Each structure stands twice: as structure tokens, then as C-alpha cells.
Amino acid sequence: MGVRFRYLGAVRRPEPHPVPERAPSEWSAARVRAFRRSLLRFFEARKRDLPWRRTRDPYAVLVSEVMLQQTRVETVIPYFRDWMVRFPTPQALAEAESDEVLRAWEGMGYYARARNLHQAVQEVAARYGGTIPDDPEELETLPGVGAYTAGAVASIAFGVAAPAVDGNVRRVLSRLADDPGPSVGQLRLWAARLVDPSEPGAFNQGLMELGSLICTPRAPDCEGCPVARFCASREAGTQEERPRPRERRPVPTVWEAVAILLDRPTRRRTPGTARQWRVDGLTSVLVRKRLGRGLLAGMWELPGREVSSKGRASAEVVDLAKELLVRLGRNPGGVISEDVTALPPLDHAFSHRRMRYLPFLLCLGRSTEREGRPLGAVKGGAVKDGGQELVELRWVGQEEAQDLPLPVAQRKLLDQLWDQRAAEGSAQMGQIAISGSRP
DNA sequence: AACTCGGGGTT
DNA sequence: AACCCAGAGTT
């Protein structure tokens, strides 16, 4: 690498070593080697002790990488540990029930990842005899495995010199090149040029570790950065502006009326006060399974209906309850408005939508029963009708609900129902009173 | 290239 | 409240 110069007016002065060719794809071989050395030394010295770094089992690496998609390391750690105990091998996962897999994923979000991972190991069993492939292109044919995850698994588990560009790497490279918005292809090219051919796994993890610990989105620690001398943004003082944040659309708020149908809880009337019901863990609550695609696909939830205004909520809930009772083969006339009790609303934020759940308690009595029709006659089993996937309904008690995969907000709603014991304080064990006012 | 798809920690 | 996280799939 020769000494190069830049002209500043009439003054000619040497650039600081090394040469600031901005895009890593333009870097000299010597500069690339020096960068790799510095980064690998940093990773060796500073790498965190993470559960998935204690193994090179390709299955464990795959599980960790899928869990880490858009999810923080600290969040993933306990899920990864539990997962590897419950599903220690690809075979164990492949043979598991869908609900059990989703339940183990509950709380991490992006539930398509769990469904895809489940399907991926089944494909590995069918197509590769249970052995996870080492070729990034073959890895990428598995559901839920994209360019990043394929490169990460190939490099970390198998030592294949493939690039792996995640959010951290994108930020690091954008700053190294002082480019506000490099394209996906550009980033991939840079990462492929830089990746260390003999230790690709450590190198890729080193780039991510750097982005996570040093080259952070805000207030990066350039003083403590092992590759600061390679960084064009550092030289230009633009590191805080790289990469340029993408524009976001405003997040809409959606109201949803939720029907908490309780099957024949014990009712008690206290003169002069609000009506009260006694609800214990054995009281059945009606839940439904969401469709296999779209938001929260395959998860269970309390039945609900989007409402345009808060005032319509209780009426919509009564309508919904009657429809559900018809589908369950029971008498919809048994639902009357004075059975409806409004509970406190619950706000829940998705990244692209804000929800306000308006829960209503409906206590179903004897009048909704029909002769010769035992309680809970409709259970389990997805109903198909002319190829159309219909909603699966199920009555569950507290115990059964524990095993169902539920979105966080739905879990909160149900827990509140059964946790009133703590709030109420005075109730006997196993029996709780829920009181509320009529809407 | 622009959306959708969760949930939570940081600032 | 905005931002973003070891992204993938769909349109």
C-alpha cells in the first residue's frame, strides 16, 4: 500500500495511515487484513459469554439465530435455554405439536418464526436426513432462513466464509464507508469482501458485537473503537448521522371489543351494590384460535371484534356473543344486556399498530343451554367448510389456558380474570369475586 | 423497494 | 414518544 496524498488548496499533506478509501469494496488487501486482525482481536477480548456461544451444534446455532431476528440478546437468553431443554434436537422439534412450539415462543413476538423453524427442521429431516446443511444457498431454501441467518449459521457452525449482514453490521458498514443509505446489495458486497476466510464465524460475530457494544445507534464510543482508524464517518464527524433513519408512517390506533364468555359461574347478588360473580379456576372461558396467516397467526385469544367507537363496544360484544353461541349450538336468546360487565381497558402497542382492548364479562346462565346438549360439546378440531378455514373455538379453564399459546395482551387479560384473588383479598381460596358496573 | 409481522429496552 | 433490535416473507 503506497502513501497517498490529498490536495487541500495549495497545501499538500499526507493522509493519516491507512488510506481512507471509503467503500470497503475499494480497500486494499493490506487494509482489509489489518481490519480483520483488529476486529478479531477485539472480539476475542470482549465477546460476551452467551449460551449459544458455548456450542457449535448447527441446530443450536440455527435456533439462536432465528430467535435473535429483531430480538435483543437479553430477551433471547432465557427462551434459548428453555428451548434447548424442551427441544434438544431437530428431531425432537420436528415431532412436537404446533401449539407446544408456539407456547415455547410466547412473548418473543414474530410468531411466524416459530412456525417456520418448526417446518424447517421437518424439511431438514425429509430432505437432508436430519442433518442441517452447511451451504448458505441450501440453508436459504429453508422457511424462515434468509440471507442473514444463512450466512450466520454457515459461518458460525460450519466455518464457511459467508457474509452476515444484520442491523448492527449495517450500521457499522454504513459508518465505515460514511454512506448514509447503502443498499442491501452494497452491504452484502462489503461484508463479503471483509469477512475473514479462516475465522468467518468469529469475524461476523465480531462485527455484530462491535455494533452492539461500541458502534451503537446513538453516542457511539469511537474512542474505545478498535477499528476507528478505518472509519470514514469518524474522520468526517458524521457517525451520529449514519445510517440515515428511514421514514416511518404514523401508527394507527385500533379499538377492539373483547368478549370474556364465562360458562355458568356462580352468581351472587348483594343488595344495593354492583352484581358479583364468583369465578374460580374451573370456570370455563371461551377462546378461539386465530387463522394460520396474518397477525398473530395460529395463536389463541379471547374472541373480539374491532369497533369504530367506544360507544358501540358493548352492543358489538352482545352481537358477537350471540353469534358464538349459535356456532356452539346453544341458545343465543340467553344473552341479555344486563349480563354484560365492562372491565378496565387494556392498551397494547405493536410496532405498526396500537391496540386498545375493551373487555366485557358475559356470564352465561342456564338459559343459554339446550336440551340434551352437554356443556362444552364443541371442542378442539379445526372446522373446515368448503375449503374455508373456520375459527376454532374451545372452552378452557385456568389450567388448560396455561398451555395455550396466547399473545401477551391476551395473557394479561386472562391472568387479570383469575388474579382478582390477590386484588380482592377477602375471597376464599379457589373462589374469587369479580365485581363491575354495567356499561 | 415498501409493507407486514411483536414485544420490549433505551434514550 | 421515537428508535431499534443478530430479519424474513410478501407484494
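When reading the values below, keep in mind they use all heavy atoms of this one structure, side chains included, and skip hydrogens, waters and symmetry mates. For clarity, every value in this text was computed on a predicted model and none was experimentally measured. Chain naming here is simple, since letters A, B, ... match the order of the sequence lines and numbering starts at 1 in each.
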Legend entry - Sidechain-backbone polar pair: Ser233(A) side chain, Arg175(A) backbone, donor-acceptor under 3.5 Å: yes
Inset, instruction - For Leu50(A), report the nucleic acid contact type (base, sugar-phosphate, nothing); a contact means any heavy atom under 4.0 Å. - result: base
Inset, instruction - Using the C1' atom as the reference point in each nucleotide, state the distance between dA8(C) and dG9(B) in Å, no decimals. - result: 23 Å
Inset, instruction - Just call it for Trp52(A): base, sugar-phosphate, or nothing, with non-hydrogen atoms closer than 4.0 Å on any strand. - result: base
Legend entry - Residue met sooner reading DNA chain C from 5', once Glu74(A) and Val145(A) are mapped to nucleotides: Glu74(A)
Inset, instruction - Pull out every residue in residues 180-203 of chain A that has a heavy atom closer than 4.0 Å to any atom of DNA chain C, ordered by number, or say none. - result: none
Look for any protein N or O under 3.5 Å of an N or O in nucleotides 3-7 of chain B and output each such pair with its distance, or none.
unit_1: dC5(B); atom_1: OP2; unit_2: His352(A); atom_2: NE2; d: 3.4
unit_1: dC5(B); atom_1: OP2; unit_2: Arg353(A); atom_2: NH2; d: 3.4
unit_1: dC5(B); atom_1: N3; unit_2: Tyr110(A); atom_2: OH; d: 3.4
unit_1: dG6(B); atom_1: OP1; unit_2: Tyr110(A); atom_2: N; d: 3.4
unit_1: dG6(B); atom_1: OP1; unit_2: Tyr111(A); atom_2: N; d: 3.1
unit_1: dG6(B); atom_1: OP2; unit_2: Leu296(A); atom_2: N; d: 2.4
unit_1: dG6(B); atom_1: O4'; unit_2: Tyr110(A); atom_2: N; d: 3.1
unit_1: dG6(B); atom_1: N7; unit_2: Tyr110(A); atom_2: OH; d: 3.2
unit_1: dG6(B); atom_1: N7; unit_2: Ser351(A); atom_2: OG; d: 3.0
unit_1: dG6(B); atom_1: O6; unit_2: Tyr110(A); atom_2: OH; d: 2.9
unit_1: dG6(B); atom_1: N1; unit_2: Gln70(A); atom_2: O; d: 3.1
unit_1: dG6(B); atom_1: N2; unit_2: Gln70(A); atom_2: O; d: 3.4
unit_1: dG6(B); atom_1: N2; unit_2: Thr71(A); atom_2: OG1; d: 3.2
unit_1: dG6(B); atom_1: N2; unit_2: Met108(A); atom_2: O; d: 3.0
unit_1: dG7(B); atom_1: OP1; unit_2: Tyr111(A); atom_2: OH; d: 2.9
unit_1: dG7(B); atom_1: OP1; unit_2: Val408(A); atom_2: N; d: 3.2
unit_1: dG7(B); atom_1: OP2; unit_2: His348(A); atom_2: NE2; d: 2.9

Inset, instruction - Mark yes or no for whether His118(A), through its side chain, and Glu97(A), through its backbone, hold a donor-acceptor pair below 3.5 Å. - result: no
Legend entry - Whether Arg288(A) side chain and Gly304(A) backbone form a donor-acceptor pair below 3.5 Å: yes
Could you pull out every donor-acceptor pair under 3.5 Å between side chains of residues 350-364 of chain A and any protein atom, sequence neighbours left out?
unit_1: Arg356(A); atom_1: NE; unit_2: Asp347(A); atom_2: OD1; d: 2.6
unit_1: Arg356(A); atom_1: NH2; unit_2: Asp347(A); atom_2: OD1; d: 3.3
unit_1: Arg356(A); atom_1: NH2; unit_2: Asp347(A); atom_2: OD2; d: 2.8

Inset, instruction - Using the C1' atom as the reference point in each nucleotide, state the distance between dG8(B) and dG9(C) in Å, no decimals. - result: 23 Å
Inset, instruction - Answer yes or no: are there more than 12 heavy-atom neighbours, outside Arg171(A) itself, under 6.0 Å from its atom CZ? - result: yes
Inset, instruction - Inspect the surroundings of CZ in Arg244(A) and state if more than 12 heavy atoms from other residues, nucleotides or ligands are less than 6.0 Å away. - result: no
Legend entry - Glu301(A) side-chain N/O to Leu406(A) backbone N/O, donor-acceptor pair under 3.5 Å: no
Inset, instruction - Would you mind classifying the nucleic acid contact of Ala147(A) as base, sugar-phosphate or nothing, using non-hydrogen atoms under 4.0 angstrom? - result: sugar-phosphate
Inset, instruction - Could you tell me whether Thr149(A) contacts a base, only the sugar-phosphate backbone, or nothing, with contacts defined as non-hydrogen atoms closer than 4.0 Å? - result: sugar-phosphate
Legend entry - Pairwise P distance for dA6(C) and dT11(B), with rounding to whole Å: 13 Å
Inset, instruction - Would you confirm whether Gln119(A), through its side chain, and Arg115(A), through its main-chain N or O, come within 3.5 Å as a donor-acceptor pair? - result: no
Inset, instruction - Look at the side chain of Thr238(A) and the backbone N and O of Glu241(A), then say whether any donor-acceptor pair between them is shorter than 3.5 Å. - result: no
Name each donor-acceptor pair under 3.5 Å that joins a side chain in residues 140-154 of chain A to protein atoms two or more places apart or in another chain, with its distance.
unit_1: Thr141(A); atom_1: OG1; unit_2: Arg127(A); atom_2: NH2; d: 2.9
unit_1: Thr141(A); atom_1: OG1; unit_2: Glu138(A); atom_2: O; d: 2.6
unit_1: Tyr148(A); atom_1: OH; unit_2: Glu65(A); atom_2: OE1; d: 2.6
unit_1: Thr149(A); atom_1: OG1; unit_2: Gln69(A); atom_2: NE2; d: 2.9

Legend entry - Pairwise 5' ranking along DNA chain C for Asn116(A) and Arg354(A), keeping only the more 5' one: Arg354(A)
Inset, instruction - Extract, from 5' to 3' on DNA chain C, the first and final nucleotides lying under 4.0 angstrom from some heavy atom of chain A. - result: dC3(C) to dG9(C)
Inset, instruction - Provide the full list of ring-ring contact (aromatic ring centres under 6.0 Å, His included) pairs with a residue in residues 59-95 of chain A, sequence neighbours left out, each pair given once. - result: Trp52(A)-Phe80(A), Trp83(A)-Phe87(A), Trp83(A)-Trp105(A)
